[in-house]
Protein chains: 2
Amino acid sequence: MPYSIGQVAKKTGLSTYTLRYYDRKGLMPFVKRSPSGRREFTDKNLDFIDLITCLKGTGMQLSEIRKFVELAMQGDATLTTRLNIFKQQQEAVKAQIKQSQKFLDKLDYKVRFYTAACEAGTETAVSGNCDLPDQPIVINEQLRVKRA
Amino acid sequence: MPYSIGQVAKKTGLSTYTLRYYDRKGLMPFVKRSPSGRREFTDKNLDFIDLITCLKGTGMQLSEIRKFVELAMQGDATLTTRLNIFKQQQEAVKAQIKQSQKFLDKLDYKVRFYTAACEAGTETAVSGNCDLPDQPIVINEQLRVKRA
DNA sequence: ATATAACTTAGAGTATACGCTAACTCAAAC
DNA sequence: GTTTGAGTTAGCGTATACTCTAAGTTATAT
């Protein structure tokens with residue numbers, strides 16, 4: 001039994017608007033229609049939508065995803081091309097995670113800095129250098145507003 | 001010696017358009033002007049722009065960053081509020097990294113799958129389940145198109 | 001002194017990814 | 001058989017974040 005667009009929306013968390021939009025954008029040429037024109041999604045289709053969600057979640061644009069889908073529709077002739085797309089995206093995600101980790105390091109430093117600042121009652125009493133995150137954060141007792 | 005907007009653009013990698021746009025959006029109320037109205041960025045300003053870039057890079061919207069900037073301009077009275085914003089963003093980034101890692105796992109699987117498919121010459125010869133990524137990927141020798 | 005490069009603002013234009021409405025059709029329940 | 005809920009398309013509207021142009025001013029180098 002195929003799924004209706006509403007059922008797919010519930011299953012995937014995407015809105016029906018989004019699903020139709022994706023379809024219009026050429027991301028779902030594999031979805032068959034009932035005699036009256038309604039979309040009928042199979043379980044295999046759902047897997048593919050999961051993949052689309054994955055690619056989208058890693059920053060791939062809909063236009064690029066469309067290209068991938070078109071390759072996939074062409075069958076085995078495009079296997080290596082598709083493999084390369086996945087390898088490329090793999091590297092992209094690794095780089096993204098690295099970048100996010102750098103940002104997280106900065107945030108970690110900020111939390112330590114602001115924790116000290118809150119304790120001292122003022123930012124001016126706190127020393128520390130954001131670009132040297134391992135450097136200790138020190139409170140200048142002379143400048144404290146709040147006493148411990 | 002203060003920096004001009006062009007120099008800041010080079011240093012930060014943001015375009016002058018973007019810097020002015022950020023300014024207009026209230027993200028840089030701390031930037032002073034020369035008598036003739038030109039922006040004069042200090043090194044401290046550059047650090048703050050780095051922070052803005054960090055927050056933006058972790059998915060914070062400009063409108064939210066603006067709120068943070070406004071709090072920062074109010075001084076020590078908003079220290080705990082700002083600390084909480086950083087803590088919140090810290091958690092958000094951790095969650096993002098986790099999600100990205102999940103997507104990466106899926107991509108890793110796809111690379112393994114497609115590598116096998118390329119070797120076999122056809123997708124149909126390859127078995128494997130994306131939701132059980134530890135399951136081995138097996139090539140059905142009967143369905144091979146390309147012989148090893 | 002003047003060319004040119006860089007700055008200024010206001011505001012229009014672009015890209016992406018939706019979200020929503022209107023007007024209509026269709027399927028299932030009662 | 002008719003209501004109700006869900007589906008359909010076309011197309012307009014929105015949000016975000018730029019990106020660029022136009023028209024003018026200012027700073028710097030020759």
Side-chain angles (χ1 to χ4, degrees), chain A residues 1-42 45-46 49-69 89 92 96 99 103, chain B residues 1-42 45-46 49-69 89 92 96 99 103:
Chain A
M1 268 279 279
Y3 307 108
S4 72
I5 196 169
Q7 290 172 312
V8 174
K10 276 182 195 164
K11 273 180 182 270
T12 60
L14 300 170
S15 73
T16 58
Y17 302 138
T18 300
L19 287 167
R20 287 200 198 92
Y21 177 70
Y22 284 3
D23 195 7
R24 258 191 296 181
K25 286 285 162 179
L27 270 58
M28 298 178 183
F30 44 77
V31 176
K32 299 286 184 295
R33 300 295 185 113
S34 76
S36 67
R38 300 191 172 193
R39 291 173 185 81
E40 299 188 319
F41 295 82
T42 67
N45 292 166
L46 284 184
I49 293 173
D50 258 13
L51 177 57
I52 288 173
T53 303
C54 171
L55 293 174
K56 172 121 209 320
T58 60
M60 195 181 278
Q61 294 190 349
L62 298 187
S63 56
E64 295 176 87
I65 296 174
R66 184 205 170 122
K67 285 182 203 163
F68 170 79
V69 171
Q89 199 61 14
Q96 281 167 28
Q99 179 61 76
F103 286 142
Chain B
M1 268 278 279
Y3 306 108
S4 73
I5 197 169
Q7 291 172 311
V8 174
K10 277 183 193 161
K11 274 181 183 268
T12 61
L14 300 170
S15 72
T16 57
Y17 301 138
T18 301
L19 287 166
R20 288 198 197 94
Y21 177 71
Y22 283 3
D23 195 7
R24 260 192 294 182
K25 286 285 163 179
L27 270 57
M28 299 179 182
F30 44 77
V31 176
K32 299 285 184 294
R33 299 297 185 111
S34 77
S36 67
R38 296 188 174 198
R39 291 173 187 81
E40 298 188 319
F41 295 82
T42 67
N45 291 166
L46 284 183
I49 292 173
D50 258 13
L51 178 56
I52 287 173
T53 303
C54 170
L55 291 174
K56 172 120 209 322
T58 60
M60 194 180 277
Q61 294 191 348
L62 298 188
S63 57
E64 295 174 88
I65 296 174
R66 185 207 170 122
K67 284 181 202 164
F68 170 79
V69 171
Q89 199 61 12
Q96 281 167 27
Q99 179 61 74
F103 287 142

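A, B, ... follow the sequence lines: proteins, then strands. Residue 1 opens every chain.
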(request) Select from B:Arg33 and A:Ser63 the residue whose nearest nucleotide in DNA chain C is closer to the 5' end of that strand. (result)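 Looking at the nearest nucleotide for each, B:Arg33 comes out on the 5' side.
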
(message) Ignoring hydrogens and geometry beyond distance, is a side-chain donor-acceptor pair present between B:Gln89 and B:Thr58 at under 3.5 Å?
(response)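 Distance-only check passes for B:Gln89 and B:Thr58.
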
I need the [atom1]-[atom2] distance between [X] and [N], as an integer number of Å.
X	N	atom1	atom2	value
A:Arg66	C:dT16	CZ	C1'	15 Å
A:Ile5	C:dA27	CD1	C1'	16 Å
B:Tyr22	D:dA17	OH	P	8 Å
A:Tyr21	D:dG11	OH	P	16 Å
A:Gln61	C:dA15	CD	P	12 Å
A:Leu27	C:dT16	CG	P	13 Å
A:Lys25	D:dT9	NZ	P	15 Å
A:Arg20	C:dT21	CZ	P	13 Å

(request) State, yes or no, whether a side-chain contact exists between A:Val8 and A:Lys11 at a heavy-atom distance under 4.5 Å. (result)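 A:Val8 does not reach A:Lys11 side chain to side chain.
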
(request) Would you check if A:Tyr3 and A:Thr42 make a side-chain contact, meaning some heavy-atom pair closer than 4.5 Å? (result)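 A:Tyr3 does not reach A:Thr42 side chain to side chain.
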
(request) May I ask you to evaluate whether A:Thr18 reaches the phosphate of C:dG19, defined as a side-chain N or O under 4.0 Å from OP1 or OP2? (result)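 True: A:Thr18 side-chain N/O within range (under 4.0 Å) of C:dG19 OP1/OP2.
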
(request) Using only side-chain N and O atoms of A:Ser36, determine if any of them is under 4.0 Å from OP1 or OP2 of C:dA27. (result)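 Looking at the OP1 and OP2 atoms of C:dA27, one of them is under 4.0 Å from a side-chain N or O of A:Ser36.
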
(request) Output yes when B:Asp23 and B:Arg33 qualify as a salt bridge under the 4.0 Å nitrogen-oxygen rule, no when they do not. (result)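 B:Arg33 and B:Asp23: salt-bridged.
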
(request) Under 4.0 Å between any heavy atoms, over every strand shown, what does A:Thr16 touch: base, sugar-phosphate, or nothing? Just pick one. (result)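 Touches nothing.
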
(message) So A:Ser4, base contact, sugar-phosphate only, or nothing? Heavy-atom distance under 4.0 Å.
(response)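 Sugar-phosphate contact only.
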
(request) Look at the side chain of A:Arg38 and the base of C:dC26, then say whether one donor and one acceptor between them are separated by less than 3.5 Å. (result)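 Yes.
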
(request) Can you check whether any acceptor in the base of D:dG11 is under 3.5 Å from a donor in the side chain of A:Arg24, or vice versa? (result)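 Side chain to base: pair present.
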
(message) Measuring from the side chain of B:Lys56 (C-beta onward, heavy atoms only), which nucleotide among C:dG19, C:dT8, D:dA17 has the closest atom?
(response)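 Nearest to the side-chain atoms of B:Lys56, counting from C-beta on, is D:dA17.
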
(request) Identify, between B:Met60 and A:Lys10, the residue whose nearest nucleotide on DNA chain D lies closer to the 5' end. (result)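 With B:Met60 and A:Lys10 compared, the 5'-side residue is A:Lys10.
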
(message) Applying the side-chain contact (heavy atoms from CB on, under 4.5 Å) criterion to A:Tyr22, which one of A:Val69, A:Leu62, A:Ile65 satisfies it?
(response)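 In the set A:Val69, A:Leu62, A:Ile65, the residue that makes a side-chain contact (heavy atoms from CB on, under 4.5 Å) with A:Tyr22 is A:Leu62.
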
